[in-house]
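Worksheet: one structure, shown below.
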Number of protein chains: 2
Amino acid sequence: MSEVVERLRHVLPPEALVTDHDRMQSYRYDRAMFCPAGEPLAVVLARETAHVQAAVRVAAEYGVPIVPQGARSGLSGAANALDGCIVVSLEKMDKILRIEDVDRYVVTQPGVYNAVLSRAVAEHGLFYPPDPSSWEFCSIGGNLSTNSGGLCCVKYGVTTDYVLGLEVVLADGRVLRTGRKTVKGVAGYDLTKLLVGSEGTLGIITEATLALRPQTARPRTMAALFDSGVTAGEAIIEIIRSGVSLSLLEIMDRTTIAAVNDYKRMDLPTEAAAMLIAQSDAGGEAGAADIATVAKLCREHGAIECIEADDEAEGELLLEARRSALLALDELGTTMIDDVCVPRSRLADFIGATEKIATDLDITIGVLGHAGDGNMHPTVVFDAQDPEQARRAQVAFDKVMEVGLELGGTITGEHGVGVLKRDWLRQEIGPVAESVHRAIKAALDPKNLLNPGKVVT
Amino acid sequence: MSEVVERLRHVLPPEALVTDHDRMQSYRYDRAMFCPAGEPLAVVLARETAHVQAAVRVAAEYGVPIVPQGARSGLSGAANALDGCIVVSLEKMDKILRIEDVDRYVVTQPGVYNAVLSRAVAEHGLFYPPDPSSWEFCSIGGNLSTNSGGLCCVKYGVTTDYVLGLEVVLADGRVLRTGRKTVKGVAGYDLTKLLVGSEGTLGIITEATLALRPQTARPRTMAALFDSGVTAGEAIIEIIRSGVSLSLLEIMDRTTIAAVNDYKRMDLPTEAAAMLIAQSDAGGEAGAADIATVAKLCREHGAIECIEADDEAEGELLLEARRSALLALDELGTTMIDDVCVPRSRLADFIGATEKIATDLDITIGVLGHAGDGNMHPTVVFDAQDPEQARRAQVAFDKVMEVGLELGGTITGEHGVGVLKRDWLRQEIGPVAESVHRAIKAALDPKNLLNPGKVVT
């Protein structure tokens, strides 16, 4: 094995290689701490595409697995190390290379954090919509690899909708360029969108060209309180049925709100069972009309109170509360966050079923999510030191996915499969799709070196 | 060979099989009449997925190529028959299976025409945006296979952006289901978007679940006249730079306008060198403000006249004029329509270069296109009986693509590769991407039976 390290030392500059056991520990896990992770042989801190190529070529030569890694903010263990692997971290490839105003795209390295990129393009009057709650600590490379969503998906779509082209290191070390710099293009297979969301199993993304939009108008934000999660879910269905165009429509239940209040020292109302947060960025009268429509619909469908944010800062505070929900719940115990997306017409049913699972199993589940998309994140909170509780937590976690599938949904709306949901993936997509996954994996990575055992097994 | 036909007779009902030589002639070509097409052995008029499976299994058994076919409105020869092939036509699978109001999707068979689907969902207050100019005579299956664009892409994106899931018959006759019925989902590789735009080379689409949007507001439409195509291109760049959100931004030059006037007995102004058509569907004051902004920008950047449509009918007439442009040019001679998409900042350069090609080669090129996307359709018009003119036409057609690539564009924004642009595809994507295409093709169609020789060679 030290032969592999010797070889890496030979082809990489010293600052790009970590082999110290203690230092490597922090590269073992993403945020799926309860998923298994191995001990890497070496960590490559790539500074340029050539470093990634060099590492992949050594891995191919010695048949050693490669685990690509971004900011390790993933929630499904896709970036967790494997025993004897080479971790290829992209965190040092963190430069924004170009922002084009008229053509509205940005060329970026993968290590740039989502919020850093968003702010940089905002200075050009442009807008990069995908905004995971983790935007301050997740990288664009990870967003691409998991096809991240976020809060404003309900209006603007997810990461894949913004990817024009990629530079990717293939399993044999060659560099593939996919896509284009134009708005449209159909020259050949859509390799770009095949690679987005493939969680590092088909190639390692070393550069991306991302489409941007003009900046939106000043948003208007409101909250609505409900005395039942199911009622809130029914109100959401009515909001969607109305066709009103919102840039955000989120839900948090009482457990989540209380956790956020503690964590962020906030003073959100805890008397209600559930709170909706809605935002319109239509601007001017249109934005005001949107929010008025939502308030009316909420009142007609059981809201006990509707509060419009006084100004943009207050609106941002509500969003900040929502974004911090998972971190806040993390303070209460070990968390397992579900990521079920159901058809929006089934949202109330899903919330009801989730609450029933929590009651039946006598376990805490914080119900929160991107309600406008039907993408819910029921988060099981438990004491990992208590084996019986841990068992019930796992049962609850699985039952939530089961209900999601029963309601015509998917086991993962935006967090990905990683190691956490491999079995569930099989169940969702069935044997034909599974065999197509394997065929594509074998075509692009015949030696099964790229993040083996993640997504497909 | 008659053994194959015998076998097809055995596994298919009589109405699903055509073997009469004369009747088969109409199934040989799509609209790329100047591309080669072979003589099919049989045409299968599939009524259900099982018919497609049966045909594919016979093809696999005997090693006979399969050419999937929709409404044959394609422009690149992707649906042209091959000698000794089985054509599998999806035109009889023309039912809309389900429209869901709250979840906003439609489940449809592939043979449904785009306009039929659009009108059906409009009755539910919903909107299916992809709107190729050929919408009255192109099928959803073809739209999926080529990832069609259209007029409102500039605001709403292209076909792939609306595909939630597919049912696909694979090369071995198995049925693959991809995707989901939810807004978001990242369960496994994005097989859906890999299949969209693959022109029948990876599988045959037999059903699709398509996302819908709420219907838009009543549109406002305007036209602006310019005395030079390049000036019009510069105005477009300024319109885009302004960030104004238009639902349509098209261009037609004098040649095209004159052809449309003749073809549709219209009275569009022919004194100008180029006409822009802009539309906003923002509704109310916002829509009026958008159109006012565009008019102001056009006037500031060289427009000789700006005319707002009096009402929706007049606006629709302008769109109808634009949609009929290719059919109108077809009346003037044989046409070869380019489909270059350039970064929008290079639009004026591209128009100038196209005009120069026409002048240098002394050939007619009608310049038209989806200006707001940078997706232009310069259409070479020539007398196919005149070999010298036909030669110059081909040179012009190729030179337009060459310029497109030089300007950082793509050889096809929405029409696809088919047989027409295989060599150009290789040039655009390069050898690494080409080998990845081949690997994926071999993974999904190891015997090379599905539309062989189209897209990848």
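Keep in mind that this is a model prediction, so the values were computed, not measured. A, B, ... follow the sequence lines: proteins, then strands. Residue 1 opens every chain. All values below were derived from every heavy atom in this structure, side-chain atoms included, with hydrogens, water molecules and symmetry-related copies excluded.
- Tested against A:V432 for a side-chain contact (heavy atoms from CB on, under 4.5 Å), the candidates B:V168, B:T178, B:L170, B:V175 yield a single pass: B:L170.
- Both the backbone and the side chain of B:L176 come within contact range of chain A, judged by heavy atoms closer than 4.5 Å.
- Contact of B:H415 with chain A is made through the backbone alone, with heavy-atom distances under 4.5 Å.
- Counting only N and O atoms by type, the side chains of B:S245 and A:R213 include no donor and acceptor under 3.5 Å apart.
- Distance check: B:Y189 OH to A:R438 CZ gives 10.5 Å after rounding to the nearest 0.5 Å.
- The parts of B:D103 that come within reach of chain A are both its backbone and its side chain, each placing non-hydrogen atoms under 4.5 angstrom from that chain.
- With a 4.5 angstrom heavy-atom cutoff, B:E414 touches chain A via backbone and side-chain atoms both.
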Worksheet entry | Verdict with reasoning, B:V186 to A:T146, per side-chain contact (heavy atoms from CB on, under 4.5 Å) | CA-CA 7 Å; B:V186 293; A:T146 54; over 6 Å; no
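- Both the backbone and the side chain of B:D373 have a heavy atom closer than 4.5 Å to some heavy atom of chain A.
- Summarising the geometry, atom CG belonging to B:D190 is positioned 11.0 Å from atom CG belonging to A:L195; distances are rounded to the nearest 0.5 Å.
- No part of B:S148 comes within reach of chain A, as not one of its non-hydrogen atoms sits under 4.5 angstrom from that chain.
- For B:R177, the part lying near chain A is the backbone, with the side chain staying farther off; criterion is any non-hydrogen pair under 4.5 Å.
- Side chains of B:I240 and A:R104 form a contact here, defined as non-hydrogen atoms less than 4.5 Å apart.
- Of the atoms belonging to B:V455, it is side-chain heavy atoms, and not backbone ones, that fall under 4.5 Å from chain A.
- The environment of CD in B:Q215 is crowded: more than 12 heavy-atom neighbours from other residues, nucleotides or ligands sit within 6.0 Å.
- Using a 4.5 Å cut-off between heavy atoms, B:A187 touches chain A through backbone and side chain atoms alike.
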